[in-house]
Amino acid sequence: MWHHRGVGPRARNPLLPFPPVTEPSRYRPQEIEAQWQAHWREQRADRTEQSGPAEPYYALSMFPYPSGSLHMGHVRNYVITDVVARQQRMRGRRVLHPMGWDAFGLPAENAAIERGVDPAEWTERNIAQMRAQLQRLGLSIDWSREVTTCQPDYYRWTQWLFLQFWQAGLAYRKEATVNWDPLDQTVLANEQVDGEGRSWRSGALVEKRKLRQWFLQITAYADQLLEDLDQLEHWPERVRTMQANWIGRSTGAELTFPVVEADGSPTGESISVFTTRPDTLFGVTYLVLAPEHPLVPSLTSAEQRLAVEALCELVAAESEQQRTDEERPKRGVALGAWVRHPASGELIPLWIADYVLAEYGSGAVMGVPAHDQRDFLFARQHGLAIRQVIVPEGADPAAFTGAAWTEPGVLIHSGPFDGLTSEEGKQRILAEAEAAGWGRARVQYRLRDWLISRQRYWGCPIPMVHCPDCGDVPVPADQLPVLLPTGIALQGRGGSPLAQLEAWRTVACPSCGGPAQRETDTMDTFMCSSWYYLRYADPLNDQLPFGREAVDQWLPVDQYVGGIEHAILHLLYSRFFTKVLRDRGLLSFNEPFARLLTQGMVQGLTYRNPVNGKYVAPADVADVNDPRDPISGEPLTVSYDKMSKSKYNGVDPTSVIDRYGADTARMFILFKAPPEKDLEWDDADVEGQFRFLQRIWRLAETAKEQGIVLNPASKGEEPEAAAGVERADLQPAEKELRRAVHTAIQEVSSDLAGELQLNTAVSELMKLANAMGTHLANVRPAVAREAVHNLVLLLAPFAPHLAEELWHRLVDPSAPASSVHHQPWPQVEASALARDTIPLVIQVKGKVRGNLEVPADADASTLERLALESDVAAKWLEGQPPRRVIVVPGKLVNLVP
RNA sequence: GGGAGCGUGCCGGAAUUGGUAGACGGACUCGACUCAAAAUCGAGCGCCUUCGGGCAUGUGGGUUCGAGUCCCACCGCUCCCACCA
């Protein structure tokens, strides 16, 4: 073993004693991490204080699905939250930092079908495995609060909460056209179908089916969910925009057109349309219904019946994706029926067309070809009239561009409304409609109700009973939970497994006692995850899902961290739950998550042979600087992609911990990229991070060898006092080191406050280590001790094991475990940051021309004088006095000739 | 089509919010130590240069004493929504 002493050949301070020569120890993360984790566990160091004088702080990571193996995305998520939790603890807060398992879901059920294992056992095993992996990361999680959504003591309350929605009139069952995943054999919510019409889980193209399903009426909260986005100032703009788009609020009018016979006599029926452009009312030349509109059969004339039925059948057979393809010509057919224009009195033909959606608005649109691009194309194709009623302000009314004018303008050909602007026209026409009874103002949302039933086994049973006499009857709260039957054989796909369990299904009606049937659908797992963060506040409550006092104490969550993929799904549902539970009097806040960080993906180094398109494992690449296919020798392309087995680019967190330790993995994942950006995992860089921790270890060893730090008397001593040297007495190196220490305190503190800039926080630690490398050997013990002391404290949230070990080695060997993590967070000492002189930048006409060392407290006129007297001024001003001088005290002087 | 965000060295990324662009790290080059290598330590590292300096933050304009940062236009990339009436 090489002998290393000091940090480089440099002059020693003669004031210092010569260090004793001892064999330095090596940084062995595997040993110290296992040791400290065991101590922390024994002493239950991470337990949450449920009450006390300190302010509560809630740091939360999105809980994982227990797939069985931890991946890098999990590591990133939990490490970010752990840094926050640990620092808040040092800041004196009572911290709630829990973990749990989103444990219902299809993978367990599929494993059961494929391998005959019991889903509960499979899930249990995965949880045990992942918990063990997680614990190796050194996360300060209070495991006594662990929640598992598939256990009866949890899902009992999911059912109880479902009944709250039922009692509030917000849960209902209805027949509807729903998204059907043919691969997973279950329905899906709208939020769970991606932009390409594929299932979020299976990736299969979803089909439309008409089924009787359970819904939660999230649309009743659309307005609040949209408006309160403004309160979420600490959420990423992106997420708020996505939710606002998803909710999709449009203001406009609902206008009613009476249906008439061909001779103009009213039939008594009417068609309502929703429009955002009531100002274009006089441009309506037809009305068009969705093929699924309920009035279509009765309105169709005998002559048109065959054509109408043919189109309806054609449309019904198509997928949503085919149907909403904008490139395709719009198909439509006249019904052979008429409505009367409510303002002009004209007769207007009724049509059906595939471009009108039954689910949005009233399923009917007024056709204004001159001012809507879709209507324009449709009218031209089917020979319908195009009537221009809006002209751009100041334009010639006769000029027709050949395309729809969709911008606002001035009304023409609109009877009494001619000459108004679009905005005035909207208001006046709406007022007229309201007065005459054929219209009203209306707000329309894109958001649809949340479809929560799933035709699968491994989920929370919906606590309802269907009675032939009483209808839908809720299971009484004291009979909860409705237990999911266990030990049943799951065979293949098709049909809800619970529906096949005759004995389980058949029950007495809770209301009349007669024979009845249980609901056999289970809940969407997003139901379980919409309230887990509330349960953590009161995990053992067996009277309620949570006590009001407990949730009000801890929530809203101070810092929530998770993936962007939940921008709409989980984060919207949870907001909805919170608002409903608030209205039920179960909690007192409006929003569950005060601050949200959406962390970026962890991507793996990916090699691909561009010739045959095959991926190559990094281990098979001989030279990373010239990557070639190990078989053919062809050069490979290098990229960073989402980790996946098929690309051989996955990195197993456990193997990284085995090799370098958790602290290195933590530091690397924090340092490599800002938290919200995608991170390119590269094993070579991890090596570099490991070197940094070794460097800290050596710095500490150097200090220890020099006998300047280990000092039991310093126990409990304030870092400022630890300097123990009069400021006036400080030598230049000592001043510089102290400035580096307090700069680091200042920068790390601000990087951890508010926006989490963890990558720069780590780089500040590196700068401090660099400064210590330069100065540690040349300063007196008190100054060195202050530096080491604070480095260890600042390091504690990031590399908790190393910090703990160094604390015991250098500061207090007899301290109890976890004591470094309960030290107060260091405070900046302003005087340590102060400088006697500062470098003043001298600019000439805005360009930097030189530096001048000036007294830090020099006033503006002094700075101006010094700048003018400088060599720089002499050189660049060529003897001419400047026309203007701008002085920024403490920074620069700009001379403008 | 609508919306949001982003373009900075070879690479990941900094920049006190209008004040020294490239912090910190990686890669690379050179040197010290070593028989040698690794590790460690030190130095260098945007481009051009006649060594005075000049040019540089996607492109082109503008505001300003001063612009990566603010304004306008354009180009490119990423994400979300989209026949939503």
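Letters A, B, ... are given to chains in the order of the sequence lines, protein chains preceding strands, and every chain is numbered from 1.
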Taking atom types as they are modelled, would you say the side chain of K767(A) forms a donor-acceptor pair with the base of C24(B) within the 3.5 Å cutoff? no
Non-hydrogen atoms of P369(A) and F376(A) that approach each other most closely: O-CB, 3.1 Å
Under the rule syn = chi within 90° of 0, otherwise anti, which is G9(B)? syn
Separation of C84(B) atom C1' from K330(A) atom NZ, nearest Å, is 13 Å
Any Lys/Arg nitrogen of E764(A) or K767(A) sitting under 4.0 Å from an Asp/Glu carboxylate oxygen of the other? yes
Q694(A) CD to C41(B) P, straight-line distance once rounded to whole Å: 10 Å
Please give the nucleotide sitting opposite C79(B) as a Watson-Crick or G-U wobble pair, both distances under 3.5 Å, or none. G3(B)
Indicate, with a heavy-atom threshold strictly under 4.0 Å, whether R240(A) touches base, sugar-phosphate, or nothing. nothing
Can you tell me the distance, in whole Å, between the CD1 atom of I568(A) and the C1' atom of C80(B)? 7 Å
Which nucleotide wins on minimum distance to the side chain of R849(A), given the candidates G53(B), C84(B), G13(B)? G53(B)
Quick check: any donor-acceptor pair below 3.5 Å linking the side-chain of Q843(A) to the base of G19(B)? yes
Position toward the 5' end of RNA chain B (nearest nucleotide), T241(A) or N894(A): T241(A)
Short N-O contact, R249(A) and D223(A), less than 4.0 angstrom: yes
V848(A) has its side chain closest, among G5(B), U20(B), G25(B), to U20(B)
Kindly indicate whether the side chain of N245(A) and the base of C81(B) share any N or O donor-acceptor pair separated by less than 3.5 Å? no
Please tell me which of the listed nucleotides, C41(B), C65(B), A27(B), lies nearest to the side chain of R691(A)? A27(B)
Have a look at G52(B) and give me syn or anti from its glycosidic angle (syn if within 90° of zero). syn
Output for pair (W351(A) CH2, L311(A) CG), nearest 0.5 Å, gives 10.5 Å
Can you check whether R446(A) has a side-chain N or O nearer than 4.0 Å to OP1 or OP2 of A82(B)? yes
May I ask you to say what N759(A) touches in the nucleic acid, namely base, sugar-phosphate or nothing, with a heavy-atom cut-off under 4.0 Å? sugar-phosphate
Considering only heavy side-chain atoms of R448(A), the closest of G3(B), C83(B), C84(B) is C84(B)
So which nucleotide from A85(B), G19(B), A15(B) ends up closest to the side chain of Q757(A)? A15(B)
Mind calculating the distance between CG (D682(A)) and P (C11(B)) to the nearest angstrom? 15 Å
So, is R695(A) near the phosphate of C41(B), with a side-chain N or O under 4.0 Å from OP1 or OP2? yes
Using the side-chain heavy atoms of E237(A), tell me which of these nucleotides is nearest: C24(B), A85(B), A4(B). A4(B)
Would you mind calling U16(B) syn or anti? Take O4'-C1'-N9-C4 for purines or O4'-C1'-N1-C2 for pyrimidines, and syn is within 90° of 0. anti
Can you tell me if CD on E755(A) sees more than 12 non-hydrogen neighbours from other groups inside 6.0 Å? no
Which nucleotide sits closest to the side chain of A673(A): A14(B), G12(B), C84(B)? G12(B)
Just how far, in rounded Å, is P of C24(B) from CZ of F668(A)? 19 Å
Calculate the interatomic distance between Q689(A) atom CD and G25(B) atom P; express it in whole Å. 10 Å
What is the nucleic acid contact for V762(A), judged by heavy atoms within less than 4.0 Å: base, sugar-phosphate only, or nothing? nothing
Side chain of T275(A) (C-beta onward), nearest among A85(B), C24(B), U20(B): A85(B)
Quick one: look up who C35(B) pairs with, Watson-Crick or G-U, both distances under 3.5 Å, and put none if it's unpaired. none
State whether R238(A) places a side-chain N or O below 4.0 Å from either non-bridging phosphate oxygen (OP1 or OP2) of A4(B). no
Nearest heavy-atom pair of P618(A) and L605(A): which atoms, and what distance? CG-O, 3.9 Å
Counting any heavy atom closer than 4.0 Å, what does D375(A) reach on the DNA or RNA strands: base, sugar-phosphate only, or nothing? nothing
Considering only NZ, NE, NH1 and NH2 on the basic side and carboxylate oxygens on the acidic side, decide whether E237(A) and R240(A) come within less than 4.0 Å. yes
Below 4.5 Å, heavy atoms only, C-beta onward: do E687(A) and Y660(A) meet side chain to side chain? yes
Distance check needed: U40(B) P versus E687(A) CD, whole Å only. 9 Å
Nucleotide nearest M242(A) (side chain, heavy atoms from C-beta), chosen from C80(B), C65(B), A85(B): C80(B)
Scan D685(A) against the nucleic acid and name what it touches under 4.0 Å (heavy atoms): base, sugar-phosphate only, or nothing. sugar-phosphate
Given A85(B), C24(B), A14(B), identify the nucleotide with an atom nearest to the side chain of P674(A). A14(B)
Need one value for R374(A): base, sugar-phosphate or nothing, where a base atom within 4.0 Å counts as base even if backbone is also close, heavy atoms only. base
